[in-house]
Amino acid sequence: MQIKQSIWQLLGRLWHHISPRRRMQFGLLFALMLMTSIAEIVSIGAILPFLSILTLPEQFFKLPFAQLLVNFLSLKDPAQLLLPLAFIFVGAILLAGAMRLTLLWFSTRLTFATGKDLSTNIYRRTLYQSYEVHCARNSGEIINDILSKANAVIYSIIMPVLTIMSSSLMLAIVIMALLALNPIIAMSVFGGLGVIYGGIIYLTRKQLVIYGERIGNESNQIIKSLQEGLGGIRDVLIDGSQDTYCQIYQDADASLRRAQGNSMFISQSPRYVIEALGMMLIIAVAYTLALQNEGVNNVIPLLGALALCAQRLLPVLQQAYISWTSIRINQAPLKDTLDLLDQPLPNYVSQLATKQLPFNRSISLKQVDFCYNQQTSIVLKRINLTIDKGSRVGIIGTTGSGKSTLLDIVMALLQPTKGVLLIDDAIVTSENYRSWQANIAHVPQTIFLADSTIENNIAFGVPKDQIDHKRVREAAQQAQIAESIQNWPDKYQTKVGERGIRLSGGQRQRIGIARALYKQANVIIFDEATSALDNETEQYIMQAIEGLSKDLTILIVAHRLTTIKNCSQIIELHEGAIKEIGNYEQVVNSRNH
């Protein structure tokens with residue numbers, strides 16, 4: 001059972017994932033916030049002398065501050081102070097506006113730069129997770145976490161935190177300034193506003209977290225329903241099950257929108273109450289001050305400063321409250337994002353390049369058992385097998401007999417539950433499995449093709465400027481697809497469409513073989529790579545495989561025994577164990593008897 005963490009603990013974890021460079025930039029941003037708050041105080045304070053010279057020119061003319069300005073400008077008449085003070089007031093306002101604009105630009109740039117760092121880090125850590133971890137996950141939820149929830153951290157966590165910091169600085173400095181002018185009024189105004197916002201926060205804090213969890217869960221369900229409906233569109237159209245998937249989507253979307261709407265209402269509603277109460281408070285203060293002996297003229301500058309403070313601070317208070325609600329709502333997405341950021345990276349990530357594990361003699365499995373977890377039955381049991389370098393090995397067996405799992409162990413995608421995988425005399429472990437995988441190329445039953453060019457798909461995963469064009473053409477020639485490519489108008493720059501939809505099944509398989517050959521691997525594994533093809537196309541593909549270099553070690557999983565009749569060794573699996581090992585004639589004779 002996971003311990004539920006507070007928002008402060010989650011923010012501490014988030015700070016841990018921010019790079020030192022960004023932390024330094026956040027320090028500079030805080031300094032800019034402080035300077036902007038001071039500029040706001042200067043702009044608010046500048047209204048006092050300006051209103052004083054309008055209402056009480058003679059009295060203001062005698063003040064020490066005014067005398068400094070009078071002597072500097074050689075003024076004789078109080079009315080002459082009006083224009084300089086107007087310029088000072090306007091200048092202070094322009095300075096504060098420029099500082100706010102600079103703060104907005106810097107904070108926005110820094111927020112999205114930090115978001116880029118976090119999103120890239122999540123994707124990188126996710127890609128480096130083991131095959132077992134990926135098998136246990138739902139890809140729709142991971143995609144949603146990387147896209148939606150990582151964005152939620154940018155928009156709904158980092159930016160609101162910066163807003164609260166900026167608002168808190170502004171509030172603190174303005175309150176200190178007003179306390180210096182009139183402590184009673186300052187304490188009354190901000191005490192009243194604080195009580196209102198504090199009460200709303202106390203009443204809504206738990207409900208906001210509930211809405212946030214609901215938003216996170218339903219957004220995952222929406223992505224999942226979209227993937228299932230669109231990913232299986234052929235079956236959906238044939239079965240006429242559109243309404244079923246629409247209903248699943250509608251239920252999740254309705255719950256999501258309802259939670260979003262309720263959250264927005266809680267975030268926005270205090271504004272209208274505060275604006276009304278704020279105006280009432282200013283009227284009450286004005287009435288109280290007007291009844292005092294000093295008269296109305298004496299209190300107009302103070303009322304002007306108070307009105308300007310209210311004009312500045314009421315939006316700031318509301319922004320701070322909205323930011324707080326945003327953080328509370330997105331507490332669950334923040335935790336999901338942090339869990340992805342906390343994914344461990346394997347040791348080989350820090351290595352400059354992965355060196356191939358020496359492979360000169362054989363691949364051996366010794367007493368290998370495997371099961372995915374304690375709740376599932378054993379998939380492989382007591383596997384003892386030796387595959388010589390340069391051999392052609394066929395693997396057959398009924399569905400569920402463990403063929404693909406056996407290949408996953410040979411490719412070190414899965415670690416044996418018991419027993420070991422040896423390359424020559426070296427045991428493959430969690431420390432050196434990447435060195436072994438550097439020897440391997442894999443051709444699955446369904447070839448994944450990116451919506452790009454033929455060349456990019458053959459040199460899959462290689463940066464465009466690093467592609468060896470000569471090797472691409474050699475690989476295509478060996479895979480017996482070069483002639484077809486040359487007949488296309490754009491040749492190797494031909495676009496294959498999404499998942500290779502513009503190519504036939506045989507062409508896709510040949511590109512998969514060419515991709516494996518481009519890698520220049522020592523071992524090529526075909527996992528039912530021809531099972532979806534017709535007999536004639538399968539025969540051509542097998543001819544292409546058989547024509548490959550004799551130095552290559554090739555493992556082929558097939559449904560039909562005839563597909564692998566030319567293999568030097570055939571392994572038959574049954575219920576996770578090896579039933580028969582021999583050449584084609586031996587396996588056929590064993591079946592006949």
Side-chain angles (χ1 to χ4, degrees), residues 5 7-33 36 100-129 133-134 137-166 212 215-216 219-220 222-223 260 319 322-324 326-346 348-352 450-452 456 460-466:
Q5 292 183 304
I7 188 60
W8 300 111
Q9 291 172 314
L10 294 175
L11 290 175
R13 286 174 61 190
L14 179 62
W15 180 253
H16 173 73
H17 288 286
I18 294 175
S19 66
R21 179 189 173 196
R22 298 297 181 208
R23 293 183 187 183
M24 183 181 69
Q25 292 172 339
F26 276 111
L28 295 174
L29 179 62
F30 184 81
L32 183 58
M33 288 179 182
T36 302
R100 287 200 304 271
L101 192 61
T102 303
L103 177 61
L104 175 63
W105 177 84
F106 190 41
S107 61
T108 303
R109 289 288 299 270
L110 180 55
T111 298
F112 282 90
T114 304
K116 180 266 296 181
D117 294 345
L118 295 176
S119 182
T120 303
N121 195 10
I122 291 172
Y123 186 45
R124 180 169 181 263
R125 288 175 178 272
T126 299
L127 286 179
Y128 273 109
Q129 295 309 296
V133 171
H134 285 284
R137 286 174 167 173
N138 181 283
S139 61
E141 291 184 6
I142 295 299
I143 291 171
N144 186 45
D145 286 345
I146 294 174
L147 294 178
S148 302
K149 294 183 180 179
N151 281 338
V153 171
I154 299 170
Y155 291 104
S156 305
I157 299 295
I158 298 176
M159 292 187 77
V161 166
L162 294 179
T163 299
I164 290 175
M165 289 172 60
S166 178
I215 289 170
S219 61
N220 283 340
I222 285 174
I223 295 292
Q260 289 175 330
Q319 286 177 358
I322 291 175
S323 298
W324 177 85
S326 175
I327 292 171
R328 294 291 292 182
I329 292 168
N330 289 278
Q331 188 168 333
L334 173 60
K335 182 187 179 301
D336 293 339
T337 303
L338 289 170
D339 288 342
L340 292 176
L341 283 168
D342 287 336
Q343 294 175 112
L345 287 171
Y348 68 83
V349 173
S350 58
Q351 299 173 1
L352 295 178
D451 189 4
S452 186
N456 289 343
F460 188 72
V462 179
K464 193 171 183 179
D465 59 346
Q466 298 177 24

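Counting all heavy atoms, side chain and backbone alike, Thr111 lies closest to Met159 at CG2-CG, 3.1 Å. Nearest approach of Leu104 to Thr108, heavy atoms of both residues: O-OG1, 2.7 Å. Nearest heavy-atom pair, Leu10 versus Leu338, reported as atom, atom and distance to 0.1 Å: O-CD1, 3.3 Å. Scanning all heavy atoms of the two residues, the minimum distance from Leu340 to Gln343 falls at O-NE2, 2.8 Å. For the pair Met33 and Leu162, the tightest heavy-atom approach, listed with the atom from each and the gap, is CE-O, 3.4 Å. Among all heavy-atom pairs drawn from Leu32 and Leu103, the shortest one is CD2-CA, 3.7 Å.
A donor atom on one side chain and an acceptor atom on the other are not found under 3.5 Å apart for Asp117 and His17.
To the nearest 0.5 Å, atom CD of residue Gln25 and atom CZ of residue Arg109 are 10.0 Å apart. Rounding to the nearest 0.5 Å places CE of Met24 at 6.0 Å from CG of Leu28. Residue Arg13 holds its CZ atom at 10.0 Å from OG1 of Thr337, rounded to the nearest 0.5 Å. Between atom CG of residue Leu110 and atom CG of residue Leu29 there is a gap of 6.0 Å, rounded to the nearest 0.5 Å. Taken to the nearest 0.5 Å, the OG atom of Ser323 stands 12.0 Å off from the CE atom of Met165.
Crowding of Tyr123 atom OH: a count of heavy atoms from other residues, nucleotides or ligands under 6.0 Å not exceeding 12. For Arg23, the CZ atom counts as densely surrounded, since its 6.0 Å shell holds more than 12 non-hydrogen atoms of other residues, nucleotides or ligands.
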Just do the salt bridge (Lys or Arg N to Asp or Glu O under 4.0 Å) check on Lys335 and Asp342 with the steps written out, would you?
CA-CA 10 Å; Lys335 182 187 179 301; Asp342 287 336; over 6 Å; no
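Each of Leu14, Ile158, Ile154, Val153 was compared with Thr114 under the side chain to side chain contact (heavy atoms under 4.5 Å, CB included) criterion, and only Ile158 meets it.
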